[in-house]
Structures are given as C-alpha cells and as structure tokens.
A.B. asks: 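First the structure, then my questions, so here it is.
Computed from a prediction, not measured in an experiment: that's the story for all the values here.
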Amino acid sequence: MQPTNFQTGNEVRLACRTGELRGPTPGMAPGYVQANLVCLPAEVAADFEQFCRMNSQPCPLLEVLPPGCVEPVRTAPGADVRFDLPRYRIWLNGECTAEPAEISCWWRDDLQTFLLGCSFTFENALLAAGVPVRHIDQHLNVPMYRTNIDCQPVGRFAGKMVVSMRPMTPQQAKEASEICGHYQLAHGRPIQIGEPAKLGISSIDQPDYGDAVPISSGEVPVFWACGVTPQSVLQQARLPFAITHAPGHMFVTDLQDSDLCDKTVI
C-alpha cells in the first residue's frame, strides 16, 4: 500500500519527485488545495483559457503559467510541474498514449500549464463536518463519469462534462451542498443528487475513470462537476499533443483550503 501520511503539499510533491508516491492523492495533505493539470501548446492556450472561463464549474482556474514555465509561483513556489505529480497522461491526436511518472522527456518550451480546482479540496470540509467520503474511507480513487451535458465550446475545445460521485444519505447530501457552495474554485455545489440516468450514466458501478464504490441502502449518488472534463474535451479536440494529470493523481499546492473559501478568483 502506498504511504498516506503526508501532511503538507510540499511533502506530497517531494514524494512524487523521489518516486515514493505513484498512486491517487485523495485524503493526502489534509487542508491543502489539490489541482488538476493541463499542459497545452501556446498556440491553443488562449482558447483553452477562455473555455475554462466559460465552463468554470468543471474547470475553475487556479493558476495559468506562462509558456515554458514549470514553476507555479502563485500556488506552489519552488515546485516543478514536470516531476511533482504522482502520474501524468500524454495525449497524441486525442488518444492517451502513456501514463508516465514524470514528463521531463516530453516537456517543450511552448507548453503552457493550467492548474484547475479539484473536488478533493472540499472533501476536507466534508470530513470535518462529519459527512463521510466513501472512496477515502476505502482507500480508493473517486469514481468519475462522462455525462450527456455539453460544455460551452470555444474554438477546438468542446465536449461532454465529466462528474465525480460520492454516495450519501439525502440529509448528508443537503449538508454537502451547503458546505461545497463555499468552494466555487473547487467545483462548488453538486450538479445533481440521485437519478444518474438524467446525466446519461447507465451503469453507476462502472465509472469511466477512478474506482467504483458501493452505494448503501438509504444512500443516493451525489454528482459534482469534475476537473477531468478537459481530458474528455481533449479526446474530441484531437490536438497533436497535450499533457494532463492521470485522473485522481493530483498536483497538491501550498494553498490552504481556507484560501478558496467564498472566493471566485485567487
């Protein structure tokens, strides 16, 4: 089993850089903001940034790095996005062709990096309020699903929204909605409670990304917009080249969860 006792974002990043950590990051470094990663050629970066601003619930922007820059000075000074995630994805013509542990040999000076908010951030607030998070309890990756919801297109970027799911009782779902409403930069409130078929999800026990988790009697699936959405969009855009995080294998920043509370920009 991979180590889980990292207490800060820097500890998680160091463990990634040294090869100690290669698995998903839910529940790690409690209180530190986690982020999705997208690296794109500068020639399409402006359209992607606008896509994120037009689809801010699945793609809330935390930081945009200049072309060729590897240090996210606003969210994790001293970090290096080429080494400090546990696992990445390499995309060629819309297909994921590799999932390396670091990306130095794929890095290009024209790549522009985007860090997007992640639902793992609000999970700390849920746990603090006594709302259980099933995939953390079971040491699994969060289940994620492609939906029938169209994102607002910008240039080559268009496609379906991805959602993450956490089982809860109806009362817990209500509490979670109130808590997550304070974290707009971590996807905010759920987009749907129950009725997965309305999102085009036919098999709740077969997620498109992550791990399936059990839904107990008296619980309903609760769905949030998810930062894996750009990966679904990249498949449709069929860009010649792109890099993302592997789903659930996040960049852990030096920001505190409280830095995002009731904020729409940082």
A.B. asks: Could you pull out the closest heavy-atom pair between Cys226 and Ser164, with the gap in Å?
C.D. replies: CB-N, 3.7 Å
A.B. asks: Side-chain contact test, heavy atoms from C-beta onward, threshold under 4.5 Å: evaluate it for Phe157 versus Leu234 and give yes or no.
C.D. replies: yes
A.B. asks: Arg156 versus Leu239: any side-chain heavy-atom pair under 4.5 Å?
C.D. replies: yes
A.B. asks: Output yes when a side-chain donor or acceptor of Asp84 lies under 3.5 Å from a complementary backbone atom of Asp80, and no otherwise.
C.D. replies: yes
A.B. asks: Just by modelled atom types, is the Val33 backbone N or O under 3.5 Å from a matching donor or acceptor in the Thr253 side chain?
C.D. replies: yes
A.B. asks: So, Gln192 side chain and Glu195 main chain: donor-acceptor pair closer than 3.5 Å or not?
C.D. replies: yes
A.B. asks: Determine whether more than 12 heavy atoms belonging to other residues, nucleotides or ligands lie under 6.0 Å from atom CG of Asp109.
C.D. replies: no
A.B. asks: Under the salt bridge (Lys or Arg N to Asp or Glu O under 4.0 Å) test, which residues partner Asp211, sequence neighbours left out?
C.D. replies: none
A.B. asks: Supply the atom-to-atom distance Phe83 CZ to Thr18 OG1, rounded to the nearest 0.5 angstrom.
C.D. replies: 12.5 Å
A.B. asks: Any donor and acceptor pair, going by atom type alone, linking the side chain of Thr229 with main-chain N or O of Val162 inside 3.5 Å?
C.D. replies: yes
A.B. asks: Has Lys198 got more than 12 heavy atoms of other residues, nucleotides or ligands less than 6.0 Å from its NZ?
C.D. replies: no
A.B. asks: Partners of Tyr183 by ring pair (Phe, Tyr, Trp, His ring centres under 6.0 Å), sequence neighbours excluded?
C.D. replies: none
A.B. asks: Flag the pair Trp224 / Phe122 as yes when their ring centroid distance falls below 6.0 Å, and as no otherwise.
C.D. replies: yes
A.B. asks: Give a yes or no answer on whether the side chain of Ser177 reaches the backbone of Ala173 with a donor-acceptor pair at less than 3.5 Å.
C.D. replies: no
A.B. asks: Any chance you could lay out the side chain to side chain contact (heavy atoms under 4.5 Å, CB included) test for Leu61 and Arg53, step after step, and finish with the verdict?
C.D. replies: CA-CA 8 Å; Leu61 284 171; Arg53 297 191 187 284; 3.7 Å; yes
A.B. asks: Spell out, as yes or no, whether a donor-acceptor pair under 3.5 Å connects the side chain of Gln138 to the backbone of Ile136.
C.D. replies: no
A.B. asks: Taking His182 for its side chain and Asp262 for its backbone only, find out whether a donor-acceptor pair lies under 3.5 Å.
C.D. replies: no
A.B. asks: Taking the side chain as C-beta and beyond, is there a heavy-atom pair between Leu255 and Tyr32 under 4.5 Å?
C.D. replies: no
A.B. asks: I'd like to check Glu95 versus Arg238 (side-chain heavy atoms, cut-off strictly below 4.5 Å). Are they in contact?
C.D. replies: yes
A.B. asks: In plain terms, say whether Lys160 and Asp150 are close enough for a salt bridge, that is, a side-chain N and a carboxylate O under 4.0 Å apart.
C.D. replies: yes
A.B. asks: Please tabulate, one pair per line, all N/O donor-acceptor pairs under 3.5 Å involving side-chain atoms of residues 125-134, not counting sequence neighbours.
C.D. replies:
{"from": "Arg134", "atom 1": "NH1", "to": "Pro214", "atom 2": "O", "distance (Å)": "2.6"}
{"from": "Arg134", "atom 1": "NH1", "to": "Glu219", "atom 2": "OE1", "distance (Å)": "3.2"}
{"from": "Arg134", "atom 1": "NH2", "to": "Glu219", "atom 2": "OE1", "distance (Å)": "3.2"}
{"from": "Arg134", "atom 1": "NH2", "to": "Glu219", "atom 2": "OE2", "distance (Å)": "2.6"}

A.B. asks: Does Pro86 have any side-chain contact (heavy atoms from CB on, under 4.5 Å) partners at least two apart in sequence or in another chain, and if so, which?
C.D. replies: Cys16, Leu21, Thr25, His249
A.B. asks: What I'd like to find out is whether the side chain of Arg166 reaches to under 4.5 Å of the side chain of Val142, using heavy atoms alone.
C.D. replies: yes
A.B. asks: To which residues is Met161 joined in a hydrophobic cluster, defined by side-chain heavy-atom contacts under 4.5 Å among Ile, Leu, Val, Met, Phe, Trp and Tyr, whether direct or through other members?
C.D. replies: Leu140, Tyr145, Ile149, Val163, Met165, Ile191, Leu199, Ile201, Ile204, Val213, Ile215, Phe223
A.B. asks: Would you tell me whether Trp91 and Thr244 have side-chain atoms, one donor and one acceptor, within less than 3.5 Å of each other?
C.D. replies: yes
A.B. asks: Quick check against the 3.5 Å criterion: does His245 have a side-chain atom that pairs as donor or acceptor with the backbone of Tyr88?
C.D. replies: no
A.B. asks: So that I can tick it off, tell me whether Arg17 and Glu102 are bridged by a salt bridge, with the cut-off set at under 4.0 angstrom between side-chain N and carboxylate O.
C.D. replies: no
A.B. asks: Do Arg13 and Asp254 meet the salt-bridge criterion of a basic N to acidic O distance under 4.0 Å?
C.D. replies: yes
A.B. asks: Under 3.5 Å, side-chain donor or acceptor atoms of residues 62-73 against the rest of the protein: list the pairs with distances, not counting sequence neighbours.
C.D. replies:
{"from": "Glu63", "atom 1": "OE1", "to": "Thr75", "atom 2": "N", "distance (Å)": "3.0"}
{"from": "Glu63", "atom 1": "OE1", "to": "Thr75", "atom 2": "OG1", "distance (Å)": "2.7"}
{"from": "Glu63", "atom 1": "OE2", "to": "Val73", "atom 2": "N", "distance (Å)": "3.1"}
{"from": "Glu63", "atom 1": "OE2", "to": "Arg74", "atom 2": "N", "distance (Å)": "3.0"}
{"from": "Glu71", "atom 1": "OE2", "to": "Gly78", "atom 2": "N", "distance (Å)": "2.7"}

A.B. asks: Donor-acceptor pair, Thr169 side chain versus Gln172 backbone, under 3.5 Å?
C.D. replies: yes
A.B. asks: Any side-chain heavy atom of Pro143 sitting closer than 4.5 Å to one from Tyr209?
C.D. replies: no
A.B. asks: Is there a donor in the side chain of Arg82 and an acceptor in the side chain of Ser104, or the other way round, less than 3.5 Å apart?
C.D. replies: no
A.B. asks: Looking at side-chain heavy atoms only, is the closest gap between Phe48 and Pro230 below 4.5 Å?
C.D. replies: yes
A.B. asks: Answer yes or no: is there a side-chain heavy-atom contact under 4.5 Å between Gln231 and Pro247?
C.D. replies: yes
A.B. asks: Main chain of Ala42, side chain of Asp110: is a donor-acceptor contact present, judged purely on distance under 3.5 Å?
C.D. replies: no
A.B. asks: How long is the straight-line distance from CG of Leu40 back to CD of Glu49, given to the nearest 0.5 Å?
C.D. replies: 11.0 Å
A.B. asks: Just do the side chain to side chain contact (heavy atoms under 4.5 Å, CB included) check on Leu37 and Val81 with the steps written out, would you?
C.D. replies: CA-CA 8 Å; Leu37 174 92; Val81 297; 4.2 Å; yes
